[in-house]
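What follows is a single structure, written as structure tokens, with notes after it.
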Protein chains: 2
Amino acid sequence: MVAEQKILDGAAFLKKYGSMLTDGLYMEQVPALTTLLYQGDISHSLYFIKQGSLRLWHNNGDKDITMQFFFENQMVSAFESIYLATASLYSIESLENTILYRLDRDNLLKLMDNSEELQHDILNFICERFINYQHYFLSRIKDSPAERYRDLVANEPRIIARVPQHYIASYLGITAVSLSRIKNRH
Amino acid sequence: MVAEQKILDGAAFLKKYGSMLTDGLYMEQVPALTTLLYQGDISHSLYFIKQGSLRLWHNNGDKDITMQFFFENQMVSAFESIYLATASLYSIESLENTILYRLDRDNLLKLMDNSEELQHDILNFICERFINYQHYFLSRIKDSPAERYRDLVANEPRIIARVPQHYIASYLGITAVSLSRIKNRH
DNA sequence: ATTAGTAATTAACAAATGTTAATGCGGAGA
DNA sequence: TCTCCGCATTAACATTTGTTAATTACTAAT
């Protein structure tokens, strides 16, 4: 009843359920700055990153709020948009030339119909994603941009190495100008 | 497969499932400032407010981040803590003298075992709660404290009328001093 | 190699909030 | 009624960020 197992990452998911997908899983390659999901649309695909990186963000008229970066072996989705068929609050875009596996909504739902274990994994996935979001937002509220930047440098080398500064600034909730100041303070 | 029905509020939930609970639902009355759930504990109760109000917040050493107020007929829980049996990120406390119905974890899980419809309602509940949180956090990030205060005055009369200012300030993400300035600006 | 366009840095100023502290207000209880 | 204590307001100052603009650095394409 209560989920104890760890959430599946993209690689583990594919290993576990890939064999059930004889023809529902597509591989595609997209260049940098390709939009995979537009904010306001209903999402109909779940992605797994084979190589490259993605950015997930919310647009608010004049400014972007970047909320997540994704890299190799991660599972990427606006799942609640897929599941509830509601407008996505987010856009998803490639940062680099990226190779993806794409699992379409119909195949995902068919798969869920045929596997109680998958339903279980998915419910876990949502709860974990929910908790992750709460951690992200809480850190965004309670830690200063400078603290969060230091944390990024210490714990997220891929973000520092592969993501342009102005996206990092957007992720930290500040302008590129302010991030530059923070980096060069002292 | 895909959930289309609207999320249940506490009253609708009790009406729909209350008859299945011959002895698992308890009524209790607590005075103001009573803690119902301590941050870090695993939650084992889901509440319905009959009368009164509650506050949900996260503590970060020196400061509180208030995230939600609850009033009559609302269903209140740190559901992911109940379901995944993980430490709650939040505390929940009464603001006023409050009368509650309490549904314990064991009874909730038993109920879920016996009702596929309830499982469905609960999954919807989580997805909707997730989306609500995202809206709350996004507004907290993209709107200024002054805008959010005006929004509160326009749309949340119960909060303005029944919640002390310093909790409202905490909800808006600012100090009580700053909220006082905003109120008296111009 | 040159050029053009984008990204990053730096500077100067305005605006908002945090912090600290002093004051005012108001209800609960002796 | 008086006192106490927590809450709200106001003031003064420091800190931070946003904004605008100018400059520099970098990258990609011709």
Side-chain angles (χ1 to χ4, degrees), chain A residues 30-35 52-53 55 57-66 69 93-98 137-153 158-186, chain B residues 31-35 53 55 57-66 69 93-97 138-153 158-186:
Chain A
V30 297
L33 302 183
T34 305
T35 299
S53 56
R55 178 175 76 100
W57 81 97
H58 173 87
N59 177 270
N60 179 36
D62 48 349
K63 75 180 74 165
D64 282 357
I65 301 171
T66 297
F69 301 110
E93 184 182 271
S94 58
L95 284 172
E96 308 167 309
N97 187 348
T98 299
F137 276 118
L138 284 174
S139 121
R140 183 151 181 161
I141 287 171
K142 70 190 183 189
D143 301 326
S144 73
E147 285 171 328
R148 295 180 60 230
Y149 178 71
R150 281 194 293 273
D151 181 70
L152 228 51
V153 169
R158 287 184 304 189
I159 293 180
I160 300 297
R162 292 163 64 180
V163 177
Q165 312 274 25
H166 61 285
Y167 291 140
I168 295 179
S170 162
Y171 179 80
L172 294 174
I174 54 180
T175 61
V177 173
S178 189
L179 175 55
S180 182
R181 274 189 297 230
I182 286 172
K183 285 175 62 181
N184 300 100
R185 201 165 282 169
H186 269 232
Chain B
L33 303 184
T34 305
T35 300
S53 56
R55 178 173 77 101
W57 82 97
H58 173 86
N59 177 269
N60 180 36
D62 49 347
K63 74 179 76 163
D64 281 358
I65 301 171
T66 298
F69 301 109
E93 184 182 270
S94 59
L95 285 171
E96 308 167 311
N97 188 347
L138 284 174
S139 123
R140 184 148 181 164
I141 287 171
K142 69 191 186 191
D143 300 327
S144 72
E147 285 170 330
R148 296 179 59 231
Y149 178 70
R150 281 194 292 274
D151 181 71
L152 228 52
V153 169
R158 285 183 305 188
I159 293 180
I160 299 297
R162 292 164 63 181
V163 176
Q165 311 275 23
H166 62 285
Y167 291 141
I168 295 180
S170 161
Y171 179 79
L172 294 174
I174 55 180
T175 60
V177 173
S178 190
L179 176 54
S180 181
R181 275 190 296 232
I182 286 171
K183 285 176 61 181
N184 299 101
R185 201 167 281 169
H186 270 230

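Since the structure is predicted, the reported quantities are computational estimates derived from the model, not experimental observations. So you know, we letter chains A, B, ... as the sequences are listed, proteins then strands, and number each from 1.
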- line: In terms of heavy-atom contacts, B:L138 and A:F137 come closest through N-CE2, 4.5 Å

task: Starting from the first five and the last five pairs of the helix from C:dA1-D:dT30 to C:dA30-D:dT1, work out the angle between the resulting helix axes, to 10 degrees.
output: 30°

task: Check the pair A:S180, A:Q165 against side-chain contact (heavy atoms from CB on, under 4.5 Å), reporting the backbone distance first and the verdict last.
output: CA-CA 8 Å; A:S180 182; A:Q165 312 274 25; over 6 Å; no

Could you grab the distance from atom [atom1] of [X] to atom [atom2] of [Y], nearest 0.5 Å is fine?
{"X": "B:K183", "Y": "B:R150", "atom1": "NZ", "atom2": "CZ", "result": "14.5 Å"}
{"X": "A:I159", "Y": "A:Y149", "atom1": "CD1", "atom2": "OH", "result": "11.5 Å"}
{"X": "B:K142", "Y": "A:I65", "atom1": "NZ", "atom2": "CD1", "result": "6.0 Å"}

message: In the structure I gave you, are the side-chain heavy atoms of A:V177 and A:R181 within less than 4.5 Å of one another anywhere?
response: yes

What's the [atom1]-[atom2] distance between [X] and [N], to the nearest Å?
{"X": "A:N184", "N": "C:dA11", "atom1": "CG", "atom2": "C1'", "value": "13 Å"}
{"X": "B:E147", "N": "C:dA16", "atom1": "CD", "atom2": "C1'", "value": "13 Å"}
{"X": "A:K183", "N": "C:dT10", "atom1": "NZ", "atom2": "C1'", "value": "13 Å"}
{"X": "B:I141", "N": "D:dT17", "atom1": "CD1", "atom2": "C1'", "value": "16 Å"}
{"X": "B:L95", "N": "D:dG6", "atom1": "CG", "atom2": "C1'", "value": "16 Å"}

message: Donor-acceptor check, side chain of B:T34 to backbone of B:S94, threshold 3.5 angstrom: yes or no?
response: no

query: For B:E93, does its backbone N or O pair with a side-chain atom of B:T35 as donor and acceptor, under 3.5 Å?
result: no

Expected list for residues 167-176 of chain A: side-chain donor-acceptor pairs under 3.5 angstrom, two or more places apart:
unit_1	atom_1	unit_2	atom_2	d
A:S170	OG	A:D64	O	3.3
A:S170	OG	A:T66	N	2.9
A:S170	OG	A:T66	OG1	2.7
A:T175	OG1	A:S178	N	3.1

- prompt: Considering residues at least two apart in sequence or located in another chain, which fulfil the side chain to side chain donor-acceptor pair (under 3.5 Å) criterion with B:D143?
  reply: none

message: Can you pull out every salt bridge (Lys or Arg N to Asp or Glu O under 4.0 Å) where at least one residue sits in residues 161-175 of chain B? Sequence neighbours excluded, please.
response: B:E72-B:R162, B:E96-B:R162

- prompt: Contacts to DNA chain D from residues 160-168 of chain B, heavy-atom cutoff under 4.0 Å, which residues?
  reply: B:P164, B:Q165, B:H166

Check the interface with nucleotides 17-26 of chain C: list each N/O to N/O pair with the protein under 3.5 Å, or write none.
unit_1	atom_1	unit_2	atom_2	d
C:dT17	OP2	B:R185	NH2	2.9
C:dG18	OP2	B:T175	N	3.2
C:dG18	OP2	B:T175	OG1	3.1
C:dG18	N7	B:R181	NH2	2.9
C:dG18	O6	B:R181	NH1	3.2

